Amino acid sequence: MDLLCKYAAEDADITFQLKQILEGELKENGLENLFYEIEMPLLRVLSIMERNGVRIDSEALRQSSEILTAELLVIEKEIHDLVGFSFNVSSPAQVGEILFDRLKLDDKAKKTKTGQYSTSEDILEKIRSKHPIIGKILDFRGLKKLLSTYIDALPLLINQRTGKVHTSFNQTVAATGRLSSTNPNLQNIPIRDAQGKEIRKAFIPDDGCVFLSADYSQIELRIMAHLSGDKNMLDAFNSGLDIHTATAAKIYKIPVEEVTSDMRRKAKTANFGIIYGISTFGLSERLTIPRAEAKELIDGYFATYPDVKRYMDECIQRAKENGYVETIFGRKRFLSDINSQNSVVRGFAERNAINAPIQGSAADIIKIAMVNIQKRLFAENLQTKMTMQVHDELNFTVPEVEIEQARKVVVEEMENVLKLKVPLIADCGVGKNWLEAH
DNA sequence: AACCTCACG
DNA sequence: ACGTACGTGAGGTTC
């Protein structure tokens with residue numbers, strides 16, 4: 001939507017049509033009672049955030065672009081030299097043909113639904129050692145992604161009048177109740193590798209301000225602990241220990257001090273997997289360990305957290321009986337496939353039954369926090385501006401004189417949305433860019 | 001417009 | 001025998 005249209009919508013105090021659409025969509029999903037408490041006020045908050053926008057250091061991105069584009073060309077040439085002719089490295093079809101038909105790097109290469117060879121990152125990672133071209137293709141892909149999706153794309157979306165990028169938050173697309181962000185999507189800005197971190201550095205505060213970032217610590221696992229009521233998981237959180245270390249200690253039946261980094265890594269993957277309704281196969285793939293070991297790990301997990309297993313079974317049972325599952329606040333997700341004869345289709349619905357109440361409750365919680373934070377920013381006459389929401393994280397541009405007050409408002413409102421059986425913790429940092437604040 | 005791949009939580 | 005972790009959006013290729 002054009003920025004001027006957005007302003008008009010704001011001035012009109014939310015257009016009637018927008019309200020109708022939102023109301024229609026959300027009432028179907030069980031929000032009858034919470035519609036006026038959450039989604040309507042949130043619509044105002046999102047409109048304010050979109051108008052606030054976020055500042056980008058386009059000069060830094062331009063310099064990155066120059067360097068990385070040159071690097072990309074070098075890698076491309078190296079790849080072409082390795083096979084002896086030039087081809088389109090961005091074409092999965094051509095890459096697959098070269099790796100599997102020509103170089104025969106895997107005689108039982110996995111195919112996609114359409115019969116093409118799959119050349120996705122996890123597949124290539126497994127055959128990386130078989131040929132130097134694999135690593136270079138992965139490097140090429142990584143660079144190309146950052147350049148085309150972020151480094152080159154973001155500066156083009158800077159509004160000439162405000163000098164900022166203004167995303168659109170969508171309140172009604174995600175099945176679980178999460179927000180989504182488009183044009184640009186500010187919820188998938190890189191952070192995991194070194195080059196990605198450079199991009200985060202280009203997200204900067206207004207003049208005279210700092211970048212403030214606050215995120216919920218392990219909110220989904222805490223919700224799992226709360227909803228399942230599992231005593232061991234509640235204890236793990238209430239002890240203040242690192243949850244993945246605590247989980248590893250319990251699964252492997254050893255003291256916390258003896259948990260190795262490999263044990264913690266496996267427990268962490270198991271913790272996340274559980275929220276998604278993982279299978280033995282899935283965990284073995286993620287950890288690249290034998291199926292038998294993955295099964296042991298999952299058995300150990302459920303022995304450690306027996307009520308988590310019970311809770312998961314109850315979610316599926318509830319979905320079968322009611323046709324839907326719901327969040328702590330009563331947001332529904334309907335699961336029409338839950339009684340399907342097709343076990344694959346049914347499996348998807350069963351995993352949704354486990355995941356949706358957790359992911360959805362987390363979405364409800366941060367939405368309420370956003371409404372309450374904006375209320376207090378108004379009430380306390382602060383100039384702090386909320387700029388982004390990234391599922392369990394909120395970002396602000398904060399005048400230097402307001403830092404301590406803003407911190408207090410944000411953390412208090414995030415942590416006190418409701419009382420769970422475990423504490424709700426928000427970590428908060430400030431810095432001269434998004435990376436530093438995180 | 002479908003598909004593949006990949007960025008984030 | 002089969003497929004195999006939840007939720008998104010965007011860019012490039014191919015048809």
Side-chain angles (χ1 to χ4, degrees), chain A residues 87-96 110-125 137-138 140-154 157 167-170 172-193 195-197 199-200 215-216 218-221 224 269-287 291 294 298 312 315 325 333 335 342-360 362-363 366 388-394 434 438:
Chain A
F87 66 100
N88 189 345
V89 186
S90 293
S91 164
Q94 292 178 38
V95 168
K110 202 174 155 190
K111 302 254 178 97
T112 63
K113 284 128 196 98
T114 52
Q116 250 192 73
Y117 291 117
S118 174
T119 67
S120 60
E121 188 180 353
D122 54 328
I123 302 276
L124 295 195
E125 208 55 65
I137 289 171
L138 288 169
F140 178 92
R141 289 232 183 111
L143 273 183
K144 180 84 181 174
K145 179 80 171 184
L146 294 187
L147 277 166
S148 59
T149 308
Y150 306 102
I151 296 171
D152 290 336
L154 284 172
L157 290 167
T167 188
S168 296
F169 286 107
N170 197 322
T172 59
V173 298
T176 53
R178 275 189 172 184
L179 298 178
S180 79
S181 159
T182 60
N183 192 25
N185 180 355
L186 293 181
Q187 295 180 321
N188 70 346
I189 302 301
I191 190 168
R192 288 173 191 165
D193 60 43
Q195 281 160 334
K197 288 183 165 61
I199 297 175
R200 288 233 165 184
D215 67 290
Y216 282 113
Q218 305 294 353
I219 188 168
E220 292 193 349
L221 268 183
M224 174 61 103
T269 306
N271 270 331
F272 278 111
I274 286 307
I275 291 171
Y276 302 145
I278 198 177
S279 63
T280 302
F281 178 87
L283 188 62
S284 70
E285 284 287 297
R286 294 271 153 174
L287 287 170
R291 301 264 284 267
I298 291 177
M312 290 167 69
C315 282
V325 288
R333 176 162 186 185
L335 298 166
N342 182 329
S343 63
V344 177
V345 172
R346 192 174 63 247
F348 271 101
E350 288 173 354
R351 292 194 294 275
N352 285 337
I354 294 164
N355 177 261
I358 296 173
Q359 191 179 119
I366 196 167
M388 292 187 272
Q389 188 254 40
V390 194
H391 311 305
D392 65 354
E393 165 188 348
L394 294 172
W434 194 1
H438 208 274

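Since the model is a prediction, treat every value here as computed from it, not as a measurement. In what follows, every chain begins at residue 1, and chains take the letters A, B, ... in the order their sequences are listed.
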Contact class for A:Q94 vs. all strands (heavy atom < 4.0 Å): base, sugar-phosphate, or nothing?
sugar-phosphate
To the nearest Å, how far apart are A:N170 CG and C:dG9 P?
7 Å
Along DNA chain B, first and last positions that approach a heavy atom of chain A under 4.0 Å
B:dC3 to B:dG9
Name the nucleic acid region contacted by A:D215, choosing base, sugar-phosphate or nothing; use a 4.0 angstrom heavy-atom cut-off, strictly under.
nothing
With a non-hydrogen cut-off below 4.0 angstrom, is A:L179 in contact with a base, only sugar-phosphate, or nothing?
nothing
Do A:F140 and A:S90 make a side-chain contact, defined as non-hydrogen atoms from C-beta onward lying under 4.5 Å apart?
yes
Side chains of A:S168 and A:N170: do they bring a donor and an acceptor to under 3.5 Å?
no
Touch class at under 4.0 angstrom, heavy-atom based, for A:R178 against every strand present
base
Distance between C1' atoms of B:dT5 and C:dC2 (Å, rounded):
25 Å
Counting only side-chain nitrogens and oxygens, does A:T149 get under 4.0 Å of the OP1 or OP2 atom of C:dG9?
no
In whole Å, measure the gap between the P atoms of C:dG3 and B:dC4 for me.
15 Å
So A:E121, base contact, sugar-phosphate only, or nothing? Heavy-atom distance under 4.0 Å.
sugar-phosphate
Sugar-phosphate, base or nothing in reach of A:R346, heavy atoms under 4.0 Å
nothing
Base, sugar-phosphate, or nothing: which does A:F348 touch, judged by heavy atoms less than 4.0 Å apart?
sugar-phosphate
Could you check whether A:R286 gets within reach of a base, just the sugar-phosphate, or nothing at all, counting any heavy atom under 4.0 Å?
base
